[in-house]
Participant: 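Mind looking over this structure? Questions follow.
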Amino acid sequence: MSKRNHSSRMHRLRTEFFEEGKRLDADPDTQHLADCHLCHTRIDYDAEPGTTPDSHTLDHYFPVEDYPELQDDPDNFRHAHFNCNSSRGKGDVNENGLGEPMAAWW
Ligand SMILES: [Zn+2]
């Protein structure tokens with residue numbers, strides 16, 4: 001059985017987290033808070049999440065694989081590039097995942 005939570009609640013949390021990042025990115029005072037936590041450069045918030053290498057993804061600071069109880073805890077959420085999150089990986093990440101927005105880690 002998968003530890004991943006595909007509930008509508010998780011979907012809502014991801015959407016809210018993206019919107020929060022987008023708001024932070026729009027304000028020069030808070031822009032740094034919306035940067036990728038892995039490479040510390042800006043994320044493309046104009047792109048749909050998970051659609052381009054520079055687009056936004058929700059990364060779990062503590063991997064869901066090891067901390068399933070934290071997967072829907074916003075304190076565990078970090079803004080990250082799709083690419084950085086993919087290369088950080090945790091288990092199998094599809095190298096050709098760009099065409100599949102619902103990749104295994106999503
Ligand atoms: Zn990055």
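Positions are given from 1 along the sequence. In listed order, ligands and their atoms are each counted from 1.
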Participant: Is it the case that the ring center of Y67 lies less than 6.0 angstrom away from the ring center of Y61?
Facilitator: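 So the answer is no for these two rings.
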
Participant: Has H37 got an N, O or S atom lying less than 2.8 Å from the Zn ion (ligand 1)?
Facilitator: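 It does not; every qualifying atom lies at 2.8 Å or beyond.
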
Participant: Where do D44 and S55 land on the side chain to side chain donor-acceptor pair (under 3.5 Å) test, with the steps shown first?
Facilitator: CA-CA 5 Å; D44 181 6; S55 66; over 6 Å; no

Participant: Need the atom name: nearest N/O/S atom of H81 to the Zn ion (ligand 1).
Facilitator: ND1

Participant: Once rounded to 10°, what is the value of the angle centred on the Zn ion (ligand 1) between C84 SG and C39 SG?
Facilitator: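 Taking the Zn ion (ligand 1) as the apex, the two atoms subtend 110°.
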
Participant: Report yes or no: does Q71 contribute a side-chain atom to a donor-acceptor pair with the main-chain N or O of V64 at less than 3.5 Å?
Facilitator: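 Side chain of Q71 to backbone of V64: no pair is present.
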
Participant: Can you spot which of H56, H32, H60 makes a ring-ring contact (aromatic ring centres under 6.0 Å, His included) with H79?
Facilitator: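 Among H56, H32, H60, the one that satisfies the ring-ring contact (aromatic ring centres under 6.0 Å, His included) with H79 is H56.
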
